[in-house]
Amino acid sequence: MNYQVVVLGGGPGGYVAAIKAAQCGLKVALVEKDSLGGTCLNRGCIPTKALLRSAEVYETINKAKEFGIEASPVSVDAKRIFARKDGIVKQLVNGVKGLIQANKIDLYIGSGKVITPHKVEINEKSGITTITTEKLILATGSKPFVPAIAGFDLPGVITSDEALDLGVIPKSMVIIGGGVIGLEFAYLMQTFGCKVTIIEMMPVLLPMADKEAVEVLVRSLEKLGVTFFTNAKVSKIAKAEANLVVEYQIDNIAYRVEGEKVLVSTGRAVSIAGIETLHLHGKKGIPVNAQMETSISGVYAIGDVVGGIQLAHVASAQGIVAAQNAAGMNSSYHGDAIPSCIYTNPEVAWVGMNEQAAKEKYGNIKVGKFPFQASGKAMAYGETNGFVKIICEEQYGEIVGVHIVGPHATDLISEGVLAKSMEATLEELAHVIHPHPTLSEAIMEAAHVTMGQGIHFIAK
């Protein structure tokens with residue numbers, strides 16, 4: 001079969017690129033070795049959020065008395081929680097299949113291997129199929145990064161992939177790595193009664209996020225029962241009588257902690273399986289230009305395999321750009337307004353620079369915060385922990401960073417993304433009429449505070 005575009009990898013970058021290429025009038029083939037939707041839909045974004053929603057509901061029911069409602073006793077059915085997650089994933093995968101069919105894209109399920117920039121070999125169940133193409137889009141994604149830790153191969157030591165299919169809530173868990181994935185699993189497991197300990201090698205958690213926002217999250221998780229150790233280097237995982245033992249060092253002093261399960265959550269590594277022959281992979285991923293094109297003309301790379309910020313919405317945006325350029329259009333990817341989200345309770349989300357980075361770049365900056373404690377909707381909602389913080393450069397008042405910790409932060413951040421991408425100023429954001437009462441008002445209020453003209457909050 002001869003195609004105008006072949007996309008290797010059916011994740012949120014790959015299948016979106018395939019759809020966009022088909023919408024541009026090209027004959028498209030999509031190759032996926034496993035299940036459509038990639039890591040995000042099958043082993044990442046969606047299944048974790050489904051499980052986290054169950055934790056949120058459980059937590060809300062346990063606080064029902066605060067709302068004048070009696071709801072007891074409350075119990076957890078882990079099998080049904082995980083089954084609900086599986087059902088959501090299955091439904092969405094079928095939805096992606098429908099989109100592929102509706103856009104008349106040829107789908108190949110099997111391991112793809114690039115022979116040349118214009119020839120791909122697919123190992124399907126029925127045998128080997130060879131297809132040719134004018135343009136090639138690489139979207140092979142990533143896989144959990146496994147550090148060289150002695151004892152990693154012991155039973156009970158898992159990555160996020162296996163954690164999503166546990167089917168039960170362990171009594172205790174040690175999480176190696178305090179990044180986004182580690183924190184989300186910590187909230188999930190601790191909420192359901194699992195004793196969680198996080199061991200993080202760095203001196204601080206989430207250095208790209210706002211320091212104060214991270215402090216709010218950490219205090220909340222500590223109140224829930226999570227234990228944190230930072231500046232801690234894991235040296236070994238060993239078997240104890242009934243549990244696993246994680247040995248680590250802080251300032252050259254040896255410590256150890258036990259857990260029924262050990263979750264290794266130390267980031268993700270790019271996956272170049274099937275594309276090695278192109279010799280495009282650099283130290284941190286495949287280098288591309290603003291058009292998402294590699295050093296080989298007509299070969300594009302998108303998503304996690306490029307390296308950098310490994311997020312589903314980044315992969316999708318890059319996929320659209322690559323597909324448009326493959327169709328002969330002139331499209332560029334702009335990555336200066338990318339939202340990052342953590343789906344814990346409270347949620348954390350941000351776009352742009354934190355205070356330290358803004359000071360280093362601009363020197364003089366303005367910073368303002370509006371706490372959810374001053375929000376009528378947040379009080380009615382029963383979630384007043386957190387704030388909205390806006391950072392702008394002083395000369396023009398242009399917004400360079402928005403950081404939110406609190407209820408629905410991951411939804412609210414979109415307004416900050418729009419403001420950042422449109423190079424909006426504080427005055428422009430402050431003068432936009434927001435509906436009352438809503439959580440989104442906090443963004444407008446934060447803009448007023450940053451201008452030194454707080455309406456419903458007096459900054460001290």
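In this structure, the side chains of T130 and V120 stay at 4.5 Å or more apart for every pair of heavy atoms. Contact check for L206 versus I342: side-chain heavy atoms found under the 4.5 Å cut-off.
Side chain to side chain, Q291 and S332 meet the donor-acceptor criterion of an N or O pair below 3.5 Å.
Closest approach of S160 and R268 over heavy atoms only: OG-NH1, 4.3 Å. Among all heavy-atom pairs drawn from I399 and K420, the shortest one is O-CD, 3.6 Å. What you find for P346 and L217 is that their closest heavy atoms are O-CD1, 3.7 Å. I302 and A139 get closest at one heavy-atom pair: CG1-CB, 3.7 Å. In terms of heavy-atom proximity, L99 sits nearest to N103 at O-ND2, 2.8 Å.
A salt bridge is absent between E222 and R219: the closest approach of a Lys/Arg side-chain nitrogen to an acidic carboxylate oxygen does not fall below 4.0 angstrom. Classification of K361 and E393 as a salt-bridged pair fails, no side-chain N sitting under 4.0 Å from a carboxylate O. Salt-bridge check for K79 with D86: failed, with every basic side-chain N at 4.0 Å or more from each acidic carboxylate O. E212 has a carboxylate O that lies under 4.0 Å from a charged side-chain N of K369, or vice versa, which qualifies the two as a salt bridge. In summary, D165 and K85 engage in a salt bridge, as defined by a charged side-chain N under 4.0 Å from a carboxylate O. The existence of a salt bridge linking K63 and E383 is confirmed by a sub-4.0 Å separation between a basic side-chain nitrogen and an acidic carboxylate oxygen.
For the pair E200 (side chain) and M202 (backbone), a donor-acceptor distance under 3.5 Å is present. A distance-only check finds a donor-acceptor pair linking the side chain of E276 to the backbone of G274 [under 3.5 Å]. Side chain of T384 to backbone of Q373: no donor-acceptor contact under 3.5 angstrom is found.
Taking the ring-ring contact (aromatic ring centres under 6.0 Å, His included) definition, one finds that H281 meets it with nothing, sequence neighbours left out. In this view, Y333 satisfies the ring-ring contact (aromatic ring centres under 6.0 Å, His included) rule with no residue, not counting sequence neighbours.
Ring-plane geometry between Y255 and Y248 is classed as parallel, the angle between the planes falling under 30 degrees on a 0 to 90 degree scale with a further cut at 60.
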### Message
Could you walk me through whether N345 and E56 satisfy the side-chain hydrogen bond (donor to acceptor under 3.5 Å, both in side chains) test, starting with their C-alpha distance in whole Å, then the side-chain angles of each, then the deciding distance to 0.1 Å, before giving a yes or no?
### Response
CA-CA 8 Å; N345 188 12; E56 182 185 25; 5.8 Å; no
### Task
Decide yes or no on side chain to side chain contact (heavy atoms under 4.5 Å, CB included) for F372 and V388, but give the supporting numbers first.
CA-CA 8 Å; F372 282 111; V388 175; 3.9 Å; yes
### Task
Kindly determine whether H403 and F387 satisfy ring pair (Phe, Tyr, Trp, His ring centres under 6.0 Å), including the steps that lead there.
CA-CA 8 Å; H403 299 260; F387 56 80; 8.9 Å; no
Using distance only, find each side-chain donor-acceptor pair of residues 224-240 under 3.5 Å and give its atom names and separation, not counting sequence neighbours.
residue: T227; atom: OG1; partner: K195; partner atom: NZ; Å: 2.9
residue: S235; atom: OG; partner: E247; partner atom: O; Å: 3.2

